[in-house]
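Report on the following structure.
Each ligand, and each atom within it, is numbered from 1 in the order the structure gives.
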Amino acid sequence: MKLYYAPGACSLAPHIVLEEGGFTYESEAIDLRGNRTTSSGKDFSEINPKGYVPTLVLDDGQVLTEGPAINQYLADRVPEKKLVPPNGSMERYRLQEWLAFISTELHKSFSPLFNPAASDDWKKASMETLDRRLTYIAQQLGSKQFLVGDNFTIADAYLFTVLGWGQYVGLDIGKWPALKEYHSRIFMRPAVQATLKAEGLIPSA
Ligand SMILES: N[C@@H](CCC(=O)N[C@@H](CS)C(=O)NCC(=O)O)C(=O)O
């Protein structure tokens, strides 16, 4: 398997899941700000015509896209790691509820803040939306260790990833102590540390 990623982008979540799951895998970075080539010089649009990360190329050559699908695909391969609740259980739907919320209500509310073409009014409105969404998550999380059940799941990998973007757009998650504490705790997981090092987001020494 091979994951195409951009350092610190939403592809960090499946990268963490690959590490948490103990997979043998390859990875390659994409230059999203430049000419969208892979670090080995290939045209990324030939691998994923959607042009965005995360993109997972399976051992049989199939290309899987969309973070929530990739994360569930990976987690279902290693059920003993409990990165997802079993298919068909109520907890699985709770997990999917969180994945949809993080994807559409949180992740995509950050997008204008990274977009140089977005107007100040749009950015302000996005900040206000994020404030409401993060307040909701902090209330739901309270002092719980994880979003769903008693285990680290792919929803935590995704939420951790998106919370990390606050630092790049002037959104201090310290306003929500539950989120700050949660983020610091997930940050310390060995698989998360290994992934952050692999993406060059923290020093590897
Ligand atoms: N719907 C996609 C969105 C992925 C996405 O937003 N990827 C961003 C990085 S976080 C990206 O590659 N943006 C570059 C682009 O859209 O051109 C998913 O959930 O996987």
Ligand 1: protein residues within heavy-atom distance under 4.0 Å
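Answer by chain and number: A9, C10, L32, R36, Y52, V53, P54, E66, G67, P68, H107, K108.
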Residues at least two apart in sequence or cross-chain that pass side-chain contact (heavy atoms from CB on, under 4.5 Å) with E105, listed by chain then number, are F101, R133
Which residues pass the ring-ring contact (aromatic ring centres under 6.0 Å, His included) test with F152, not counting sequence neighbours?
none
Sorted by chain and number, sequence neighbours left out, ring-ring contact (aromatic ring centres under 6.0 Å, His included) with Y52 holds for none
Is the side chain of D59 donor-acceptor paired with the backbone N or O of M1 at a distance under 3.5 Å, no angle test?
yes
Within the side chain of R94, is there an N or O that forms a donor-acceptor pair under 3.5 Å with the backbone of M90?
no
hydrophobic_cluster_shared for V78 and F146, side chain cutoff 4.5 Å
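Yes, F146 and V78 fall within the same hydrophobic cluster.
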